[in-house]
Amino acid sequence: MTGIAQCRYTWLLIFMIRDHIKHAIEHAIAAAQAAGDLPAFDIPAVNLAKPRPDMGDYAASVAMQLARAAKMAPMAIAQRIAKHLPAHPAYTVEVAAGYLNFRLTAAHLSAQVSDILQAGAAWGNINLGKGQQAQVEHGSANPTGYATIGTARNVTVGDTLANTLEAAGYVVHREWYVNDAGSQVKKFGASIYARYCQHFGKDEPMPANGYMGDDVTQTAQRVAEMVGDQYLNTPKEQAIVALGRLGIDTMMATIKHTMTRLNVRFDNFFSEKSLYSSGASDRALAMLRAKGLLIEHDGALWFSEDGSPIRKGQAKKKTDAEYASDASDDTDEDADESKTQNAVQAVVIRSDRVISDPDERATYFCSDIPYVWNKVHERGFKPAVYVWGEDHQADVARLYAATRALGLNENDVKILIYRFITLMSGGQEVRMGKRKGNAIWTDDVLDQAGPDALRYIMLSRSIDTKIVFDLDVLKEQNDKNPVYYVQYAHARICSIERKVESSGSVDNLKSNIQNLKFEHVAELNLIRKLLELPEIVELVATTLQPHHYVTYAREIAQSFSGFYENCRIIDAAPDVAASRLQLAKASRLTLAKVLHLMGMTAPEKM
RNA sequence: GCCCCCGUAGCUCAAUGGAUAGAGCGUCGGCCUCCGAAGCCGCAGGUCGCAGUUCGAGUCUGCGCGGGGGCACCA
């Protein structure tokens, strides 16, 4: 069992024990059928679950699933499958309550520790992506304000997923979509202009619904310091355009700095505007027009997924009461429109009538269409992952519809919706918003808590769960945050290793990472926990739910504590100490890997 | 009116349809002459309701109840 293959692909072998068991069960069922122990039926795909620890390491419930097809009791089926399972050095099999339970042997578990050590930084990597290009587009907040903690949640999720897809064998591209087109940008420019003038003592009122926040004021000041007062004498319209552009660049520079502090990096900042200037928008719309899915109606251009006409009453903003009455009005005339049943509601792409400014006639959806084409078809990202806040919830169905309409495979597009962060303020939950002036800047939180604690909070809940952010608690929480529990375990291992290094016994302990031997239940449980890493990477890569890491990281630290409390390293007999030191190192590698996947540091001292 | 998400312990959250639903915080009680006590051990405490599907439901389906978000010229 030695040789190059094992050295280079150890991580693959470790991961394969689970799949090996699956196949062994399928073969055993077939063998049982051939021997007449089981009747004929189609063999289903076998799934393995993680049972309670006292039941073993993997459990198959296939016997219960087969009870009906085989017309036999689950227990009897399980026993007959087990009868045809050949003995294997890596595991033992027990039948209990209709389950087939597989327990990895101490010898097998012991052997995996040296495999982990040999895999090193690559430990935990899997080959799910097979080198396919994937993209995670995240962040993408409007460049009209500093990064809020909402943005922090977005990029922490996105960055962690990008790390994960990389570990899962994809070539990953990280992108921020810059909304540098549209009316908000113009409004932002006007706000910058007003603050710029005020900075130089010239009286200039803020535009209606302008950006009133300090972040815009500070950005305007920075612009003023850069370019001086030269725009005071330029015509206002020109000055607004020029200062708006400078303002966006300055704001993006601030945001990029915040991202760096958060340990988030991007490969590209993609300009929304470029979709128009390059003609990509026109080309994508032409494809839809050729399919008859673009409709002129009421002075606007609409996307209608099935080409059906725009319904009466769709073209104006409604109140809740109007929606209610609308529904009852429409029932008669819509009864025959069966093909609209499954299509998404038509959506405006461009309006000539209501929006006066020609530059602002396109809606966001107008750029979403060429953008998805650009991602999936032109750049070949499969999947193209979107990370969106829940205010974009209604856009999900539309983008999928547009993807289908363009002839792309919608399975190549993965849109994630995370829930908002609300603020605890005076005992009340409040929704945060830049316009409301109660936004919390990521930089301020980083000043107080640091990137690791912030990322940990952002990852600690499923994206489907809102996060309630309490600034007062956060301030006190510095040393109580659960992230320190995980990092502490890592630092503690480093400390042990330092101690071993400085003691005289270092040669004995470090001599050999082969033939390690473990017997104590705390040792074996720790190894079991470490061996879950590739499966966790697979879980996060397939579900795109990064919070699983937080649970797993804590479990590793917990298992290590159990080992630490029960199994002394330095005082143990030399051969025992040698094995345990290597297990501690494997634990350190695994902890560090999970922390790095989450974008956090693995400190050697705290 | 319609669509999406959520409802699990006092609080904040976990749980690929599997066996006895797990953690943290908080409460209470223990553990440093011993590799880092930012730690460990213990006690107490829970699936919103009613049906259904399934060998098996916190998980899937339907209907309620409660909360959040959205429903076309705002990004």
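Reckoned from all heavy atoms, side chains included, excluding hydrogens, waters and symmetry mates.
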Next on the checklist: Under 4.0 Å, heavy atom to any atom of RNA chain B: which of residues 388-400 of chain A qualify?
Outcome noted: A/E390, A/D391, A/Q393, A/A394, A/D395
Item to check | A/Y99-B/rA19 aromatic stacking (under 5.5 Å, under 30°) | outcome: yes
Next on the checklist: Please classify the nucleic acid contact of A/L48 as base, sugar-phosphate, or nothing, using heavy-atom distances under 4.0 Å.
Outcome noted: base
Next on the checklist: Classify A/A491 by what it touches in the nucleic acid, base, sugar-phosphate, or nothing, heavy-atom distance under 4.0 Å.
Outcome noted: base
Item to check | First of A/A49 and A/F420 reached from the 5' end of RNA chain B, by closest nucleotide | outcome: A/A49
Item to check | Those residues that, when tested against A/A168, pass side-chain contact (heavy atoms from CB on, under 4.5 Å) (two or more places apart) | outcome: A/I126, A/L128, A/Y170, A/V537, A/A541
Checklist entry - Between B/rC40 and A/S561, is there an OP1 or OP2 to side-chain N/O distance shorter than 4.0 Å? => result yes
Checklist entry - Hey, does A/R568 reach any base, or is it just sugar-phosphate, or nothing, if we go heavy atoms under 4.0 Å? => result base
Item to check | A/R528 CZ: over 12 foreign heavy atoms closer than 6.0 Å | outcome: yes
Next on the checklist: Once salt bridge (charged side-chain N to carboxylate O under 4.0 Å, His left out) is applied, do any residues pair with A/D452, and if so which ones, sequence neighbours excluded?
Outcome noted: none
Item to check | Any residue meeting side-chain contact (heavy atoms from CB on, under 4.5 Å) with A/L539, in chain and number order, not counting sequence neighbours | outcome: A/T543, A/H548
Checklist entry - Contact class for A/Q545 (heavy atom, under 4.0 Å): base, sugar-phosphate, or nothing? => result nothing
Checklist entry - For the residue pair A/F563 and A/F560, is the inter-centroid distance of their aromatic rings smaller than 6.0 Å? => result yes
Next on the checklist: At 4.0 Å (heavy atoms only), tell me whether A/Y485 reaches a base, stays on the sugar-phosphate, or touches nothing.
Outcome noted: sugar-phosphate
Next on the checklist: Under the rule for side chain to side chain donor-acceptor pair (under 3.5 Å), what residues qualify as partners of A/R103, not counting sequence neighbours?
Outcome noted: A/E94
Item to check | Span that lies between the P atom of B/rU59 and that of B/rU16, in whole angstrom | outcome: 13 Å
Checklist entry - When you compare B/rC6 with B/rC13, how far apart are their P atoms, in angstrom units rounded to a whole number? => result 13 Å
Item to check | Quiz item: A/D180 side-chain donor-acceptor pair to B/rA75 base, under 3.5 Å | outcome: no
Checklist outcome for this item: Sorted by chain and number, sequence neighbours left out, salt bridge (charged side-chain N to carboxylate O under 4.0 Å, His left out) with A/R455 holds for A/D159
Checklist entry - Looking for any heavy atom pair under 4.0 Å, which part of the strands does A/Y564 touch: base, sugar-phosphate only, or nothing? => result base
Next on the checklist: Say we look at B/rG7 and B/rU47: how far apart would their P atoms be, to the nearest angstrom?
Outcome noted: 15 Å
Next on the checklist: If you compare every side-chain N and O of A/H547 against the phosphate oxygens of B/rA15 (OP1, OP2), does one of them come in below 4.0 Å?
Outcome noted: yes
Next on the checklist: Under 4.0 Å, counting only non-hydrogen atoms across every strand here, what does A/C567 touch: a base, just sugar-phosphate, or nothing?
Outcome noted: base
Item to check | Sidechain N-carboxylate O distance under 4.0 Å for A/R498, A/E501 | outcome: no
Checklist entry - What nucleic acid atoms does A/T542 come within less than 4.0 Å of, heavy atoms only: base, sugar-phosphate, or nothing? => result nothing
Checklist entry - Base, backbone or nothing for each nucleotide of nucleotides 53-61 of chain B, written B, S, -, heavy atoms under 4.0 angstrom, 5' to 3'? => result --B------
Item to check | A/Q184 side, atom CD; A/S191 side, atom OG - distance, nearest 0.5 Å | outcome: 9.0 Å
Checklist entry - At under 4.0 Å between heavy atoms, what does A/S462 touch on the DNA or RNA strands: base, sugar-phosphate, or nothing? => result sugar-phosphate
Checklist entry - Does B/rC32 sit syn or anti, given that only angles within 90° of 0 count as syn? => result syn
Checklist entry - Considering residues at least two apart in sequence or located in another chain, which fulfil the side-chain contact (heavy atoms from CB on, under 4.5 Å) criterion with A/M72? => result A/L38, A/P39, A/A70, A/A76, A/I77, A/R80
Checklist entry - Considering residues at least two apart in sequence or located in another chain, which fulfil the side chain to side chain donor-acceptor pair (under 3.5 Å) criterion with A/S61? => result A/Q65
Item to check | Contacts of type salt bridge (charged side-chain N to carboxylate O under 4.0 Å, His left out), residue A/R554, not counting sequence neighbours | outcome: none
Checklist entry - How far, in whole Å, is B/rC3 from B/rG10 if one measures between their P atoms? => result 34 Å
Item to check | Under-4.0 Å side-chain N/O to phosphate OP1/OP2 contact, A/R492 with B/rA37 | outcome: yes
Item to check | salt bridge (charged side-chain N to carboxylate O under 4.0 Å, His left out) partners for A/D395, two or more places apart | outcome: A/R398
Checklist outcome for this item: In whole angstroms, the gap separating C1' of B/rG18 from CZ of A/R52 amounts to 11 Å
Next on the checklist: Of the listed nucleotides (B/rG24, B/rA75, B/rC13), which one gets closest to any side-chain atom of A/Q184?
Outcome noted: B/rA75
Next on the checklist: Please classify the nucleic acid contact of A/S495 as base, sugar-phosphate, or nothing, using heavy-atom distances under 4.0 Å.
Outcome noted: base
Item to check | Stem regions touching RNA chain B, defined by at least 3 consecutive Watson-Crick or wobble G-U pairs below 3.5 angstrom | outcome: B:1-7 with B:65-71, B:10-13 with B:22-25, B:28-31 with B:39-42, B:48-52 with B:60-64
